[in-house]
Amino acid sequence: MGACLGACSLLSCASCLCGSAPCILCGCCPSTRNSTVSRLLFTCFLFLGVLVSIIMLSPGVESQLYKLPWVCEDRTQQPVVLQGPLDCGSLLGFRAVYRMCFATAAFFFFFMLLMLCVRSSRDPRAAIQNGFWFFKFLILVGITVGAFYIPDGSFPKIWFYFGVVGSFLFILIQLILFIDFAHSWNQRWLCKAEECDSPAWYAGLFFFTFLFYLLSIAAVALMFIYYTESGACHEGKVFISLNLTFCVCVSIVAVLPKVQNAQPNSGLLQASIVTLYTMFVTWLALSNVPDQKCNPHLPTRNGTSQVDLEDYSTVWWDAPSIVGLVVFLLCTFFISLRSSDHRQVNSLMQTEECPLDTVQQQQVAVSEGRAYDNEQDGVTYSYSFFHFCLLLASLHVMMTLTNWYSPGETRKMISTWTSVWVKICASWAGLLLYLWTLVAPLLLPNRDFS
């Protein structure tokens, strides 16, 4: 009897996967907004692709990939002799990551086109966005299987440049999210300080601002110690010095009286978070410098000019890659859960402030324990732009997992100057974007930037 009840419960939950909207008719799912459930499930699809990519990097899986047609063979079916420090067995895992991320990117690109101009849940395409999850999973699996049979040819080199562009854009999206988070944090704590008439909230803001600047200064010192040498590494010294100077400049601009009058909520907390994130991106850039003197993450060589086996993990799973992956996961999860408190950010990110749900709708949803449709009068986020963000996330995680390896340059399993310049330019573009948020109300006084 218990087994029958359990089977019935599983079948009831399975209806959530095949229905026209997630969890609309089943009580096995939590009470929450329809739009939130959909974003979370699409994000889970992306995280599933990331997990498969990570598994593909393990040496045990690589040995099984020799059965596929695009392994280490050229057109004459002869083994390829690499000129780099690692053998072809290591290369296989990263070819697999390219194909897995190509599959997730193609999946989200398809839905990005399919969901163009959806205005409300009354649009028939909204049912596809918010339901049929089992069939979506089958589509993703089908694209993945097909991607693994793409012949090598020029695919890795071309897809690398797609990854570079997508990762550049996603780094900027990450910065926008951090700036918006800092603005919301600062605004809420200032409101708490005024309501409670307590200096503790001001002390908290001061503490975290000081902490972020302290971490930034420590990062600058450590980068000068480990990523530069006397008489060498001139590019790294210039990058660190320039970004430090730019961060000091935007911090000064953030507290100028005219800027404070135009934006009372602007302050050093936001500037400190931007500074810390800029130092983080600078660190990621320096960890890709293809010069062993200036990059401690590159593998060491023994007397036979071969990479020591003990250094295998340091080539790909070094500290910058791990931290970058964690930041990526947090930002992607953040995208799937939240709309901004600021209208300008919502306009930029193609989201809207969540409308107040009717009391009756909330009560019914809570009593039945199901997700409810909160988009009948209008969508709370752009379906198409959300899929575009996940597409960029797929490209960014591909570059992060492969440590920005370029298949067409020197055939060595290390990063090149391309990745360094992309990350440095992304940090500069992010600083310029933050500077614009500070001075835009002064330059365009007739527009509302509240």
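As a basis for the values below, the full set of heavy atoms in this structure was taken, side chains included, without hydrogen atoms, waters or symmetry mates. We count residues from 1, following the sequence as given. Keep in mind that what you see is a predicted model, and the values were worked out from it rather than measured.
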J.: Does the side chain of F160 reach to within under 4.5 Å of the side chain of Y98, using non-hydrogen atoms?
T.: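 In short, these two side chains touch, coming nearer than 4.5 Å.
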J.: Taking C-beta and beyond as the side chain, do C101 and M399 meet within less than 4.5 Å on heavy atoms?
T.: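 No. Closest side-chain heavy atoms not under 4.5 Å.
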J.: Within a radius of less than 6.0 Å around CH2 of W421, do more than 12 heavy atoms belonging to other residues, nucleotides or ligands occur?
T.: no
J.: If you look at every heavy atom in V289 and C294, which pair is closest and at what distance?
T.: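 Shortest heavy-atom contact: CG1-CB, 4.2 Å.
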J.: Got a donor-acceptor contact below 3.5 angstrom from the K136 side chain to the G131 backbone?
T.: yes
J.: What's the spacing between L244 CG and T282 OG1 if we round to 0.5 Å?
T.: 9.5 Å
J.: Between Y434 and Q270, is any side-chain donor less than 3.5 angstrom from a side-chain acceptor?
T.: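 Result is no, nothing qualifies.
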J.: In the structure I gave you, are the side-chain heavy atoms of L286 and V420 within less than 4.5 Å of one another anywhere?
T.: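 The answer is no; the side chains never approach within 4.5 Å.
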J.: ring-ring contact (aromatic ring centres under 6.0 Å, His included), that's the test. Do W189 and Y202 meet it? Break it down for me.
T.: CA-CA 8 Å; W189 280 30; Y202 294 108; over 10 Å; no
J.: Side chains of L395 and F170: closer than 4.5 Å at any heavy-atom pair?
T.: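 The answer is no; the side chains never approach within 4.5 Å.
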J.: Side chain to side chain donor-acceptor pair (under 3.5 Å) with T278: which residues, sequence neighbours excluded?
T.: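 Partners of T278 by the side chain to side chain donor-acceptor pair (under 3.5 Å) criterion come out as none, since no residue qualifies.
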J.: Could you tell me whether F155 and F102 have their ring centroids closer than 6.0 angstrom?
T.: yes
J.: Is it the case that more than 12 heavy atoms not belonging to F109 sit under 6.0 Å from its CZ atom?
T.: no
J.: Angle class for the W185/F212 ring planes (parallel below 30°, perpendicular above 60°, tilted otherwise)?
T.: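 Geometry flag for F212 against W185: perpendicular rings.
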J.: In the structure I gave you, are the side-chain heavy atoms of Y226 and N295 within less than 4.5 Å of one another anywhere?
T.: no
J.: Do other residues, nucleotides or ligands put more than 12 heavy atoms under 6.0 Å from the CZ atom of F224?
T.: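 Atom CZ in F224 is crowded, with more than 12 foreign heavy atoms closer than 6.0 Å.
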J.: Check I171 against Y277 and note the closest heavy-atom contact, atom names and distance.
T.: O-OH, 3.2 Å
J.: Is any side-chain heavy atom of I424 closer than 4.5 Å to one of L242?
T.: no
J.: Is there a side-chain contact between L169 and I173 in this structure, where contact means two heavy atoms from C-beta onward sitting under 4.5 Å apart?
T.: no
J.: How far does CZ of F208 sit from CG of L215, to the nearest 0.5 angstrom?
T.: 11.0 Å
J.: What are the two closest heavy atoms between S216 and T275, and how far apart are they?
T.: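 Reported closest heavy-atom pair: OG-CG2, 3.6 Å.
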J.: Return the minimal non-hydrogen interatomic distance between K237 and T228, and the atom names on each side.
T.: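 Heavy atoms of K237 and T228 come nearest at CG-CG2, 3.6 Å.
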J.: Indicate whether the side chain of W428 and that of N243 have a donor and an acceptor atom separated by less than 3.5 Å.
T.: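 A pair is found: one side chain offers a donor N or O, the other an acceptor, under 3.5 Å apart.
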J.: Counting only heavy atoms from other residues, nucleotides and ligands, does the tally under 6.0 Å from CZ of F210 exceed 12?
T.: no
J.: Side-chain atoms of residues 387-394: list all donor-acceptor pairs with protein atoms under 3.5 Å, sequence neighbours left out, distances to 0.1 Å.
T.:
| unit_1 | atom_1 | unit_2 | atom_2 | d |
| --- | --- | --- | --- | --- |
| H387 | NE2 | Q129 | OE1 | 2.8 |
| S394 | OG | T104 | OG1 | 3.3 |
| S394 | OG | L390 | O | 2.9 |

J.: Show, in sequence, the C-alpha distance, side-chain angles and deciding distance for T43 and F386, and conclude whether the side chain to side chain contact (heavy atoms under 4.5 Å, CB included) test is met.
T.: CA-CA 10 Å; T43 304; F386 173 72; 4.0 Å; yes
J.: Below 4.5 Å, heavy atoms only, C-beta onward: do L432 and F246 meet side chain to side chain?
T.: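 Side-chain contact under 4.5 Å: no.
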J.: Between R99 (side chain) and T144 (backbone), is there a donor-acceptor pair under 3.5 Å?
T.: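 Here the side-chain-to-backbone pair does not exist.
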J.: Checking side-chain polar atoms at under 3.5 Å, does W283 have a donor or acceptor matched by the opposite partner on Y227?
T.: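 A donor-acceptor contact under 3.5 Å links the two side chains.
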J.: What's the shortest heavy-atom distance between N288 and S419, and which atoms?
T.: CB-OG, 3.2 Å
J.: Testing the basics here: between L442 and A262, what is the closest heavy-atom pair and its distance to 0.1 Å?
T.: CD2-CB, 3.8 Å
J.: Between W133 and F137, does the ring centroid distance fall short of 6.0 Å?
T.: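 Distance test on ring centres: not under 6.0 Å, no.
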J.: Would you check if the side chain of N186 reaches a backbone N or O of L269 as a donor-acceptor pair within less than 3.5 Å?
T.: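 Flag not set: sc N186 to bb L269 has no pair under 3.5 Å.
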J.: Would you say OH of Y213 has more than 12 non-hydrogen atoms from neighbouring residues, nucleotides or ligands within 6.0 angstrom?
T.: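 Correct, the count exceeds 12.
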J.: Using a 3.5 Å distance criterion without hydrogens, assess whether the side chain of N261 forms a donor-acceptor pair with backbone atoms of P257.
T.: yes
